[in-house]
Amino acid sequence: MIHETLEIAIDYNSLGIKHDKSRATITTYIKDSYPNDQDKFNRPLIVIFPGGGYHHTSVREAEPIALKMLDYGFNAVIVRYSLMPNTYPCQLYEAAYAMHYVRTNASKWDVNPDNIVIAGFSAGGHVAGLLATKWNSKEVKPILNMLKCDNEFIKPNKLMLGYPVISSGEFAHRASFERLIYGGTKNELEGQKLVGIAGQDGDLTGGMVSGDRDYLYEELSLEKCVTSDTPKTFMWHTVTDASVPVNNSLLFAQALLANNIPFEYHVFPKGSHGLALGTKETASKNLGHYEPRVSIWTDMFKDFVMD
């Protein structure tokens with residue numbers, strides 16, 4: 001297996017983006033090929049974006065998901081993207097970089113370059129959705145110039161969203177959007193100097209800076225970003241998700257329907273946020289996030305990928 005972690009080598013300064021010393025990474029889970037003994041598999045590849053509210057990336061939504069994909073005969077990579085205080089568009093650029101990287105290596109990895117799926121959970125679903133809806137927009141032009149490729153090369157073939165952060169409106173997970181747009185929530189930024197965060201300077205004491213980045217709440221609300229170029233989509237959610245209401249995925253489904261995008265959407269009646277596989281393998285302590293009824297989503301997703 002090719003199992004390695006590499007930094008996403010984006011020169012943020014040259015793109016006019018302030019960024020701290022942390023680096024986004026790609027971790028590969030690529031099955032070995034034996035061309036002298038076996039035919040080519042031409043495997044699908046799943047690009048996984050774990051959730052964590054743009055605050056951290058969940059370990060339960062990372063390697064266990066990749067290993068499950070390997071069980072199905074797929075290859076996988078995990079993208080650990082930039083977190084607070086780093087702001088948009090870092091995460092969109094990193095998703096584009098990851099797509100460029102895996103498609104460049106498709107032949108070497110025995111991957112079908114026309115069956116590369118981006119898969120995100122919670123806030124990771126928002127990152128995946130950003131690329132799925134903006135791969136051919138003017139917003140990716142700077143990273144395309146750096147990568148020296150065209151829009152089609154970073155286009156995901158399919159999209160998977162698990163209990164995704166979608167909307168900045170009534171049903172928003174506000175903390176995710178505040179971290180993405182301003183580098184933190186009001187409480188997280190209270191009393192700090194906004195130097196090197198969101199590219200603005202100012203004293204945050206007494207409240208969060210508002211102003212010319214507020215427009216991004218509208219532009220990053222993904223149900224408003226769906227177009228006829230958005231890839232076919234698989235989604236799942238639970239009705240009782242108290243952190244990211246099911247209305248988020250419902251809004252995205254309605255947008256897909258309005259744009260005639262094929263999609264598959266599963267809503268389970270019970271389960272908390274952040275269920276990952278729903279099995280004991282991805283349960284938190286004391287069997288938190290254990291909901292075996294939802295674990296069938298992976299089998300349904302397998303069929304979606306292979307269709």
Side-chain angles (χ1 to χ4, degrees), residues 42-51 61 64-66 68-77 95 99 111-135 155-167 171 221-241 244-279 282 291-307:
N42 206 30
R43 300 181 190 277
L45 184 139
I46 316 302
V47 184
I48 301 163
F49 297 84
E61 296 164 351
I65 308 298
K68 187 69 175 179
M69 298 302 104
L70 293 181
D71 283 347
Y72 290 142
F74 305 161
N75 283 326
V77 304
M99 277 297 303
V111 162
N112 180 355
D114 298 319
N115 200 3
I116 298 175
V117 186
I118 52 172
F121 299 85
S122 191
H126 191 261
V127 180
L130 283 173
L131 183 62
T133 57
K134 296 179 181 293
W135 63 269
K155 177 185 178 181
N157 301 109
K158 296 170 185 171
L159 171 67
M160 193 291 287
L161 300 175
Y163 41 89
V165 171
I166 295 293
S167 180
F171 304 105
S221 198
L222 295 181
E223 79 277 18
K224 299 176 181 178
C225 301
V226 173
T227 71
S228 59
D229 292 325
T230 301
K232 65 184 295 187
T233 301
F234 178 102
M235 288 190 296
W236 71 278
H237 215 138
T238 60
V239 173
T240 56
D241 189 329
V244 178
V246 69
N247 306 74
N248 279 264
S249 54
L250 281 167
L251 287 168
F252 200 76
Q254 290 170 345
L256 293 171
L257 188 63
N259 284 275
N260 297 311
I261 304 300
F263 68 95
E264 182 174 340
Y265 182 35
H266 302 278
V267 180
F268 298 93
K270 187 177 72 170
S272 64
H273 186 70
L275 291 175
L277 296 176
T279 64
T282 57
E291 192 64 55
R293 184 172 179 178
V294 309
S295 64
I296 61 171
W297 78 261
T298 56
D299 286 339
M300 296 186 290
F301 175 62
K302 175 189 176 183
D303 292 340
F304 168 84
V305 172
M306 298 304 296
D307 184 18

(request) Compare every heavy atom of Leu159 with every heavy atom of Pro231, then report the nearest pair and how far apart it is. (result) CG-CB, 4.2 Å
(request) List in chain and number order the residues that pass side-chain hydrogen bond (donor to acceptor under 3.5 Å, both in side chains) with Asn247, two or more places apart in sequence or in another chain; answer none if no residue qualifies. (result) none
Let me have the donor-acceptor pairs involving side chains of residues 300-307, under 3.5 Å, with sequence neighbours excluded, atom names and distances please.
none

(message) Just to verify, what does Ser122 make a side-chain hydrogen bond (donor to acceptor under 3.5 Å, both in side chains) with, not counting sequence neighbours?
(response) His273
(message) Asn75 and side-chain contact (heavy atoms from CB on, under 4.5 Å): which single residue from Val47, Asn112, Ile46, Val111 fits?
(response) Val111
(request) Please name all residues satisfying side-chain contact (heavy atoms from CB on, under 4.5 Å) with Val267, sequence neighbours left out, ordered by chain then number. (result) Val239, Val246, Tyr265
(request) Report yes if the distance between the aromatic ring centroids of Phe234 and His266 is under 6.0 Å, otherwise no. (result) yes
(request) Give every residue pair that meets the salt bridge (charged side-chain N to carboxylate O under 4.0 Å, His left out) criterion with at least one member in residues 115-135, sequence neighbours excluded. (result) Lys134-Glu139
(request) Quick one: closest heavy-atom pair of Val165 and Leu222, and the distance? (result) O-CD1, 4.2 Å
(message) Using a 3.5 Å distance criterion without hydrogens, assess whether the side chain of Thr240 forms a donor-acceptor pair with backbone atoms of Gly271.
(response) yes
(message) Once rounded to the nearest 0.5 Å, what's the spacing between atom CZ of Phe268 and atom OG of Ser295?
(response) 8.0 Å
(message) Under a 3.5 Å distance rule, please check whether Asn115 uses its side chain to pair with a backbone N or O of Pro44 as donor and acceptor.
(response) no
(request) Please step through side-chain contact (heavy atoms from CB on, under 4.5 Å) for the pair Glu223 and Gln254, ending with a clear verdict. (result) CA-CA 8 Å; Glu223 79 277 18; Gln254 290 170 345; over 6 Å; no
(message) Could you work out, with side-chain hydrogen bond (donor to acceptor under 3.5 Å, both in side chains) as the rule, every residue matching Asp229, not counting sequence neighbours?
(response) Asn136
(message) Apply side-chain contact (heavy atoms from CB on, under 4.5 Å) to residues Trp135 and Ile118 and explain how you reach the verdict.
(response) CA-CA 12 Å; Trp135 63 269; Ile118 52 172; over 6 Å; no
(message) For the CZ atom of Phe252 and the OG1 atom of Thr133, what is their distance to the nearest 0.5 Å?
(response) 6.5 Å
(request) Check the pair Phe121 / Met160 against side-chain contact (heavy atoms from CB on, under 4.5 Å), numbers first and verdict last. (result) CA-CA 9 Å; Phe121 299 85; Met160 193 291 287; 3.6 Å; yes
(request) Start with the C-alpha gap between His237 and Leu250, add the side-chain angles, then the distance that decides, and say whether side-chain contact (heavy atoms from CB on, under 4.5 Å) holds. (result) CA-CA 9 Å; His237 215 138; Leu250 281 167; over 6 Å; no
(request) Please report the closest heavy-atom contact between Ser167 and Asn248, naming both atoms and the distance. (result) N-OD1, 2.9 Å
(request) Using side-chain contact (heavy atoms from CB on, under 4.5 Å) as the criterion, list what pairs up with Lys68, not counting sequence neighbours. (result) Asp71, Tyr72, Leu277, Thr298
(request) Identify the two heavy atoms, one from Ile48 and one from Ala76, that lie closest to each other, and give their separation to 0.1 Å. (result) CD1-CB, 4.2 Å
(request) Check whether any side-chain heavy atom of Phe263 sits under 4.5 Å from a side-chain heavy atom of Leu161, and report yes or no. (result) no
(message) Can you list everything that forms a side-chain contact (heavy atoms from CB on, under 4.5 Å) with Ala276? Sequence neighbours excluded, please.
(response) Arg60, Glu61, Ile65, Tyr163, Thr282
(request) To the nearest 0.5 angstrom, please state how far the NZ atom of Lys158 sits from the CD atom of Glu264. (result) 10.5 Å
(request) Looking only at non-hydrogen atoms, find the nearest pair between Met235 and Leu256 and report the distance. (result) CE-CD1, 4.3 Å
(request) Can you sort out the partners of Lys224 under side-chain hydrogen bond (donor to acceptor under 3.5 Å, both in side chains), two or more places apart, ordered by chain and number? (result) Glu218
(message) So which atom in Ser272 and which in Leu275 form the shortest heavy-atom distance, rounded to 0.1 Å?
(response) O-CG, 3.2 Å
